[in-house]
Amino acid sequence: MNSNEIDIHKELKKYFGFNQFKGLQEQVIKSILAKQNTFVIMPTGGGKSLCYQLPSLVQEGTAIVVSPLIALMKNQVDAIRSVSSENGVAHVLNSSLTKTEINQVKKDITSGITKLLYVAPESLTKEEYVAFLRTVPISFVAIDEAHCISEWGHDFRPEYRNLRHIIKQLGDVPVIGLTATATPKVQEDILKNLDMSNATTFKASFNRPNLFYEVRTKTKNIEGDIIRFIKQHKGKSGIIYCLSRKKVEAIAEVLQVNGISAVPYHAGLDAKTRAKHQDMFLMEDVDVVVATIAFGMGIDKPDVRFVIHHDIPKSLESYYQETGRAGRDGGEGYCLAYYSYKDVEKLEKFMSGKPVAEQEIGFALLQEVVAYAETSMSRRKFLLHYFGEEFDSENGDGADMDDNVRNPKTKIEAKDQVVKLLKVVRDTKHLYKSKEIIYTLIGRVNAVINAHKTDAQHFFGSGKDFEERHWMALIRQVLVDGLLSKDIETYGVLKVTEKGMDYIDNPTSFMMSEDHEYTEAEDEAIISAGKSTGTADEALMAMLRDLRKKVAKKLGVPPFVVFQDPSLDDMALKYPISIDELTNIHGVGEGKAKKYGKEFVELISRYVEDNDIIRPDDLVVKSTGANSANKLYIIQNIDRKLALTDIASAKGLNMDALIKEMEQIVYSGTKLNIKYWIDEMLDDEQQEEIQDYFMESETDKIEDALKEFDGDYDIDELRLMRIRFISEVAN
């Protein structure tokens, strides 16, 4: 039966119940039925698997599908069995089968029942399997996840490298390569490695117009930011990706403590737990899954509404794959990534143990991620350019769906600089990567420039009026605009394109977006803005101070005994109006809130009402209480009068850390009776002297006490006495 006689629409309806094909499916299937080598590039969710499933069902012989993931194969086999009356229509052949099962598979293939045989690449290296497959009719070989062939892909598998030789042994069968992600570099690798340069290539658009892309600077208060984001998207499904298992556990716990239904997912959990958590997410028993990249392979949940990257991924392909799990149903999908250069340095450190070739690739891929995070141009245009696709950032589908387009950075005319840049790339004979081009422009020498004697050229240093960062940003924008390209063979080397050569002769206006400068200093500024300084309500602050003075006077104690300054700061920032809310204020525990809180919350409540203040609803990020276990241990063992040195060593703390924990305990209102320990260090008279000092003092600062006693007592003695004083007088 040749392809012309098969009514593929009828077969589509018969097997899969669909009335029409999606996107490029129909053309791909016709190409496969015509026995042509075919290469399919289709984003996740685009319906790749149907492209080989349908032709296999309607052709003579068995189709072999090579896939790297056993779990995925199993899902697909089940799916195909459900559309056919024959259980043997699809089989898996891998190391998990028994002898009997293998014989059954062979029997079904020989008798022509099996249309689809899923194999792992390792199985194909087994002599006996190859020998067997040579004796049966094979319709075609499909290689799924074909990017695994390329070390430039995000998921390189060395065993994929050998596939071409094995397929050759099966005789002259057509080969179909399929991938959900491929940059021009990876595409070339796949075609070369599978020896199918004659393949008909089908490439679907990588544009997902319903996804909104945003990158935020990562600050120390990232957990608070994530919680706020999730609470704004209440009840919606989301995935949070972290790079380490430890971070996954920690974030999942913080979310749970803050009333968000979340579960962790990573390869360190046993298979049963992983399956359970995945099902809970699919069945909507939980809203959020916090995961390492182990999660999501073959997850077909159409209504994931947000994907958050707590850590920046290792490559833009991983990022595209992971964000692509949002909004599969065409509805809203919010992709939020947190970025700090520190994370990039961490990833670079991980790579330093690897072979040099791998390191180079790793660094190049990471630099693309940095460029994406730091760019101020349309993120969609940037991403699609990376996948070799043009995008019209004015009128394209989804053009306004990213943070840079919604909040554009300033633009400046850069026509002359573009000409300068293109000429330097041309005149250095297309030998250099971005770094050397920039060095040439700003006039810095390194070994490569020295070797080519570029520093002797007239244009060396011709761009030193601008900094390195400026040129870097310009190169990115000129690349995306197509005036420069990166060479595929020697990846990273810049070449002037034909369009670029024209530009040198006929330059036109080039509006360059000024890049966003991500520096650690800025991170710090954002972080401190999240703390109470400067953002507290000054008027309320003054009222709280007066009240504190009044209460302290009535009780005959110094004001700091009632509440410390940081606690007042926090009240003026968060406006707690109940005792319960007060316990979430920095340094205020239940004991303290009950003892002194009533007048304070009444004052704040009146103030909020009189001034129509809108209180933040998501005030607190409760901590996961990792220290609460310590707290309990310390309190119980001080009650038992255990030596402080023993308490410290039992919890792996040094004395300084233990005293810090004790200070937190008493400052939030819990009593600690450490007189038994102080009695070992100081006699009654000394204790009384320090006690009187704290009673009279305006402040409880240890520096002031050290000055006052001028060396009579050491810092630990004074800190312990202060703990005792606060405990007895305040709590």
Pairwise side chain to side chain donor-acceptor pair (under 3.5 Å) hits with a residue in residues 100-116, at least two apart: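 Listed by first then second residue: His91-Asp108, Thr98-Glu101, Gln104-Asp108.
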Any pair counted as side chain to side chain donor-acceptor pair (under 3.5 Å), so long as it reaches residues 120-130, sequence neighbours left out: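 Listed once each, the pairs would be none.
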Spatial distance of atom [atom1] ([X]) from atom [atom2] ([Y]) [nearest 0.5 Å]:
X	Y	atom1	atom2	result
Tyr334	Met401	OH	CE	9.5 Å
Leu178	Phe39	CG	CZ	8.5 Å
Tyr160	Asn193	OH	CG	12.0 Å
His277	Asp285	NE2	CG	11.0 Å
Asp481	Glu390	CG	CD	8.5 Å
Lys30	Thr200	NZ	OG1	14.0 Å

Val248/Tyr265 under side chain to side chain contact (heavy atoms under 4.5 Å, CB included): CA gap, chis, key distance, verdict: CA-CA 7 Å; Val248 164; Tyr265 185 103; 5.9 Å; no
Distance-minimising heavy-atom pair for [X] and [Y]:
X	Y	answer
Leu269	Pro264	CD1-O, 3.6 Å
Ile29	Cys51	CG1-O, 3.7 Å
Arg305	Gly331	NH1-C, 3.7 Å
Pro121	Leu163	CB-CD2, 4.3 Å
Gly177	Met196	N-CE, 4.0 Å
Ala180	Lys48	CB-NZ, 3.8 Å

Sidechain-backbone polar pair: [X] side chain, [Y] backbone, donor-acceptor under 3.5 Å:
X	Y	answer
Arg81	Asn87	yes
Arg208	Ala326	yes
Ser485	Thr497	no
Asp189	Ser150	no

Run the side-chain hydrogen bond (donor to acceptor under 3.5 Å, both in side chains) test against [X] and tell me which residues pass, sequence neighbours left out.
X	answer
Ser237	Lys301
Gln187	none
Asn94	Ser96
Arg380	Asn207

Enclosure of [X] [atom1] (heavy-atom neighbours >12, cutoff 6.0 Å):
X	atom1	result
Lys203	NZ	yes
Lys236	NZ	yes
Asp172	CG	no
Phe363	CZ	yes
Lys246	NZ	no

Worked check of side chain to side chain contact (heavy atoms under 4.5 Å, CB included) between Lys314 and Leu365: CA-CA 7 Å; Lys314 297 186 182 103; Leu365 292 175; over 6 Å; no
Full working for side chain to side chain contact (heavy atoms under 4.5 Å, CB included) between Val40 and Leu24: CA-CA 9 Å; Val40 182; Leu24 298 169; over 6 Å; no
Would a 4.5 Å heavy-atom cut-off, applied to side chains only, mark [X] and [Y] as touching?
X	Y	answer
Glu368	Lys486	yes
Phe21	Leu12	yes
Ile64	Leu93	no
Asp402	Ser378	yes
His233	Glu332	yes
Val175	Asp195	no
His9	Glu26	yes
Arg328	Val304	no

side-chain contact (heavy atoms from CB on, under 4.5 Å) partner of Ile143, chosen from Val65, Ile167, Ile176: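 Exactly one candidate clears the test, Ile167.
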Salt bridge (Lys or Arg N to Asp or Glu O under 4.0 Å) contacts touching residues 140-153 (sequence neighbours left out):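 Sorted pair list: Glu151-Arg161.
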Who pairs with [X] by ring pair (Phe, Tyr, Trp, His ring centres under 6.0 Å), at least two apart in sequence or on another chain?
X	answer
Tyr319	His309, Tyr372
His147	His154
His430	none
Phe206	Tyr320, Phe387

Verdict with supporting geometry, Asp311 and Lys346, salt bridge (charged side-chain N to carboxylate O under 4.0 Å, His left out): CA-CA 10 Å; Asp311 307 293; Lys346 238 187 263 163; 5.5 Å; no
Donor + acceptor pair across side chains of Glu389, Ser205 (<3.5 Å):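 Distance-only check passes for Glu389 and Ser205.
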Distance-only donor-acceptor check, side chains Tyr118 and Gln76, under 3.5 Å: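 Short answer, yes.
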Under 3.5 Å, sequence neighbours excluded: what are the donor-acceptor pairs made by side chains of residues 130-142?
residue	atom	partner	partner atom	Å
Arg134	NE	Gln169	O	3.3
Thr135	OG1	Phe132	O	2.5
Ser139	OG	Thr62	O	3.4
Ser139	OG	Ala63	N	3.3

Derivation and outcome, side chain to side chain contact (heavy atoms under 4.5 Å, CB included), residues Phe306 and Val288: CA-CA 9 Å; Phe306 57 87; Val288 179; 4.0 Å; yes
